[in-house]
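Pasting in a structure now, in structure tokens, and then I'll have a few things to ask.
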Amino acid sequence: MVQEAPPNDVLLDFAVSPSMTEKIIRPGSGVSNQSPENELGQQSEKVTKLYIRRWFIVLLFSSYSLCNAFQWLQYGIISNIFIQYYGVSSIAIDWLSMSYMIAYIPLLFPVAWLLDTRGLRVIALIGSGMNCVGAWIKTCSARPDLYGVTLFGQLVCAVAQVFILGMPSHLASVWFSSSEVSTACSIGVFGNQLGVALGFVLPPMLVPNIENKDMLSYYIRVMFFGTAAVASTLFILIIFVFQDAPKKPPSLAQAALLAIPRSQYSYKQSILRLLRNGNFILLILSYGLNTGAFYSLSTLLNRMILTYYPGEELNAGRIGLTITISGMLGALLTGLWLDRTKTYKQTTLLVYALSLTGMITFTFTLNLGNLWVVFVVAGCLGFFMTGYLPLGFEFAAELTHPESEGTSSGLLNVAAQVFGLIFTSSQGQILENFGVRAGNIFLCCFLLVGTVITAFIKPDLRRQKANQEASRSLLFGPCKVYAQSKIQMTKIAVQHTESEEVPSTLLSCQD
């Protein structure tokens, strides 16, 4: 006997025998006595697997990213002290921070190619190794006449940064499932931002503003040797702990990428495809404007604060810490939000607009004479401006899939370094000639442009589509016989009721 359900939800229930009553054919869902979700889960487990080790990998990466980011700002936040110590101009100290931006631009493509061809472990070893070497070189520069040595050590750390900055989204895709990638990417960026936070707060605490250069050399030496010790420990951990990739891929989209023969991959063609992706080009511009403004703000924060609050080096560092800590919180929350909602375009646009609002508020409250107001406004600004960083990485990964995340995030970072250089040098000149407020208005104008550009990006979420297509392929791929309509499926089922057998292919087919 065959019972037929309403036409919109045909349900054929075979009641000839107990074995046949268990066989239910649902046109449109294509499974028998299991739900699509259960069967897909069983099939997916054969192809993908999540390893506990992934959390150790991302935390270790975050740690050496932290160490490298700390060295970026350890000069700029106490620039007035280093100007006096080395007897150089303010622009010479600014270049110690801007060296990070300069090194990234020409080295992006070679490093991205190395990441694609050699994998995460090689990149991690080189990045953490050079970070360690640069830190030890700087331990030899704690003398007033050795500015050249400290510049060389900083350049080595700047080159190491190229092997670090673009890794979070690639590492997240290689090790984490599709429901975790945004959170994992946020954790990767979290380490870098924590390093920036420590770069704001520790140097003013470790190196006091004193005139005795012998004592100043001692304090600077303590800071440099402490940094080198941490960098060395992390490099040793990378050697023995860091793994290139899991044995099984974490997601169906990653499994599909691994199935493509390496001989079919062309790095040059990948770059050309990215540059022809209109939405990605818009994201490059908007990301570069936002992150470049953050780089400029971070580099020149000491000079801004001391203009209105003389002698407040410690509070300048604490304000920078506030910006970065709130940004880390913003990065984690936006990562969790994206994993839950997948609303990349809407979230990115909202966070960008609020970054602009925060920058405008910071510009017009900085000179009010109340440091607590500056702290509160800086916290709000940091929550959105630095919280935007992982958003950009993950949105780029969605817009450019299946291209390498290392390449797409690298192009974003190139834009950030270019705009960072332009903004830092330009705003520095504006600060000297026209004042702090004019310099900040300069940044506000470009954040407004970035907000408008973001509004024109179309949410073409290719990675999400790839995961959905891979899921459907895994569930329905074995089918050899497809029912052309619900009526045809009904006829086929009726024909097999006498033998109490329903073709196994039919039980797993979808209309």
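The structure presented is a predicted model; accordingly, all values stated were derived computationally and were not measured.
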Under 3.5 Å, sequence neighbours excluded: what are the donor-acceptor pairs made by side chains of residues 364-374?
from   : atom 1 : to     : atom 2 : distance (Å)
Thr365 : OG1    : Thr361 : O      : 2.7
Asn367 : OD1    : Arg437 : NH2    : 3.3

(message) Can you confirm whether or not the ring centre of Phe442 sits under 6.0 Å from the ring centre of Phe423?
(response) yes
(request) Could you tell me which non-hydrogen atom of Ile453 sits nearest to which non-hydrogen atom of Ser286, and how far apart they are? (result) CG2-CB, 4.1 Å
(request) Please examine the side chains of Ile238 and Leu125, heavy atoms only from C-beta on, and report whether any two atoms are closer than 4.5 Å. (result) yes
(request) Answer whether the closest heavy-atom distance between the side chains of Trp136 and Thr139 falls below 4.5 Å. (result) yes
(request) With the side chain counted from C-beta on, respond yes when Met98 and Ile91 share a heavy-atom pair under 4.5 Å apart, and no when they do not. (result) yes
(request) Report yes or no: does Asn68 contribute a side-chain atom to a donor-acceptor pair with the main-chain N or O of Cys157 at less than 3.5 Å? (result) yes
(request) Indicate yes or no for a side-chain donor-acceptor contact from Arg221 to the backbone of Ser141 under 3.5 Å, with no hydrogens or angles considered. (result) no
(request) Over all heavy atoms of both residues, which pair between Arg118 and Asp244 is shortest? Give the atoms and the distance, please. (result) O-OD1, 4.1 Å
(message) Exactly one of Arg53, Arg54, Arg121 should register a side-chain hydrogen bond (donor to acceptor under 3.5 Å, both in side chains) with Gln243. Which one does?
(response) Arg53
(message) Enumerate the salt bridge (charged side-chain N to carboxylate O under 4.0 Å, His left out) contacts for residues 411-434, please, sequence neighbours excluded, ordered by first and then second residue.
(response) Arg303-Glu432
(message) Within the structure provided, determine whether Ile123 and His170 are in side-chain contact (heavy-atom separation under 4.5 Å).
(response) no
(message) On a heavy-atom basis, which atom in Leu447 and which in Met385 lie closest, and how many Å separate them?
(response) CD1-CE, 3.7 Å
(request) Find the distance between CD1 (Ile210) and CD (Gln84) and round it off to the nearest 0.5 Å. (result) 9.0 Å
(message) Nearest 0.5 Å, please: how far is CZ in Phe56 from CG in Leu59?
(response) 8.0 Å
(request) Check salt bridge (Lys or Arg N to Asp or Glu O under 4.0 Å) between Asp145 and all other residues, then give those that pass, not counting sequence neighbours. (result) Arg143
(request) Nearest 0.5 Å please: distance from the CG atom of Leu297 over to the OG1 atom of Thr291. (result) 12.5 Å
(request) Mind listing the closest non-hydrogen atom pair of Pro203 and Phe70 along with its distance? (result) CD-CE1, 3.9 Å
(message) For the CG atom of Leu443 and the CE atom of Met359, what is their distance to the nearest 0.5 Å?
(response) 4.5 Å
(message) Strictly distance-based, threshold 3.5 Å: is any side-chain N or O of Ser99 a donor or acceptor partner for the main-chain N or O of Leu96?
(response) yes
(request) Please identify each residue that fulfils salt bridge (Lys or Arg N to Asp or Glu O under 4.0 Å) with Lys342, with sequence neighbours left out. (result) Asp339
(message) The test is side-chain contact (heavy atoms from CB on, under 4.5 Å); show your working for Leu155 and Val159 and say whether it passes.
(response) CA-CA 6 Å; Leu155 285 171; Val159 173; 5.7 Å; no
(message) Looking at Ile457, is its backbone amide N or carbonyl O close enough to the side chain of Lys345 to form a donor-acceptor pair, meaning the two atoms are under 3.5 Å apart?
(response) yes
(request) To the nearest 0.5 Å, tell me how far Leu146 CG sits from Ile137 CD1. (result) 13.0 Å
(request) For Gln161 and Tyr100, indicate whether the former's side chain and the latter's backbone hold a donor-acceptor pair under 3.5 Å. (result) yes
(message) Aromatic contact between Trp95 and Tyr147, with the criterion being ring centroids under 6.0 Å apart: yes or no?
(response) no
(request) Return yes if some donor-acceptor pair links the side-chain N/O of Ser425 with the main-chain N/O of Ile422 below 3.5 Å, else return no. (result) yes
(request) For the pair Phe109 and Val414, evaluate side-chain contact (heavy atoms from CB on, under 4.5 Å) and give the outcome as yes or no after the intermediate values. (result) CA-CA 10 Å; Phe109 293 113; Val414 164; 5.7 Å; no
(request) Begin from the C-alpha positions of Asn131 and Tyr64 and carry the test side chain to side chain donor-acceptor pair (under 3.5 Å) through to its verdict. (result) CA-CA 8 Å; Asn131 186 61; Tyr64 77 83; over 6 Å; no
(message) Just to verify, what does Tyr352 make a ring-ring contact (aromatic ring centres under 6.0 Å, His included) with, not counting sequence neighbours?
(response) Tyr388
(request) Could you walk me through whether Asn277 and Thr400 pass the side-chain contact (heavy atoms from CB on, under 4.5 Å) test, one step at a time? (result) CA-CA 8 Å; Asn277 186 329; Thr400 61; 4.2 Å; yes
(request) Would you confirm whether Ser326, through its side chain, and Phe383, through its main-chain N or O, come within 3.5 Å as a donor-acceptor pair? (result) yes
(request) Decide yes or no for Asn315 and Phe375: does some side-chain heavy atom of the first lie under 4.5 Å from some side-chain heavy atom of the second? (result) yes
(message) For Tyr218, is the OH atom crowded, meaning more than 12 foreign heavy atoms sit under 6.0 Å from it?
(response) no
(message) Run Val207 and Leu216 through side-chain contact (heavy atoms from CB on, under 4.5 Å) and show every step you take.
(response) CA-CA 7 Å; Val207 183; Leu216 201 55; 3.7 Å; yes
(request) Among residues two or more places apart or on two chains, list those pairs meeting salt bridge (charged side-chain N to carboxylate O under 4.0 Å, His left out) that have a residue in residues 310-323. (result) none
(message) Just so I know, are the side chains of Asn192 and Leu66 near enough to count as touching, which here means a heavy-atom distance under 4.5 Å?
(response) no
(message) Using every non-hydrogen atom in the two residues, find where Ile93 and Ser79 come nearest and quote the distance to one decimal.
(response) CG2-CB, 3.8 Å
(request) Return yes if some donor-acceptor pair links the side-chain N/O of Ser355 with the main-chain N/O of Phe384 below 3.5 Å, else return no. (result) yes
(message) Before you tell me yes or no, could you show the steps for Trp337 and Thr343 under side chain to side chain donor-acceptor pair (under 3.5 Å), namely the whole-Å CA-CA distance, both residues' side-chain angles and the distance that decides it to 0.1 Å?
(response) CA-CA 8 Å; Trp337 174 257; Thr343 54; 3.2 Å; yes
(request) Would you give the length of the straight line joining atom OG1 of Thr341 to atom CG of Leu336, rounded to the nearest 0.5 angstrom? (result) 10.5 Å
(message) Any heavy-atom pair between the side chains of Met304 and Gln427 that's under 4.5 Å?
(response) yes
(request) Identify the heavy atoms of Phe280 and Leu274 that sit nearest to each other, and give their distance. (result) CD2-O, 3.5 Å
(message) Please verify the inter-ring angle class for Phe82 with Phe224; under 30° counts as parallel, over 60° as perpendicular, anything in between as tilted.
(response) parallel
(message) Looking at Ile105, is its backbone amide N or carbonyl O close enough to the side chain of Gln417 to form a donor-acceptor pair, meaning the two atoms are under 3.5 Å apart?
(response) no
(request) Compare all side-chain heavy atoms of Glu394 with those of Thr334 and state whether any distance is below 4.5 angstrom. (result) no
(request) Please lay out, stage by stage, how Tyr295 and Ser97 fare under the test side chain to side chain donor-acceptor pair (under 3.5 Å). (result) CA-CA 9 Å; Tyr295 288 167; Ser97 296; over 6 Å; no
(request) Verify, without hydrogens or angle tests, whether Thr454 (side chain) and Gly450 (backbone) share a donor-acceptor contact under 3.5 angstrom. (result) yes
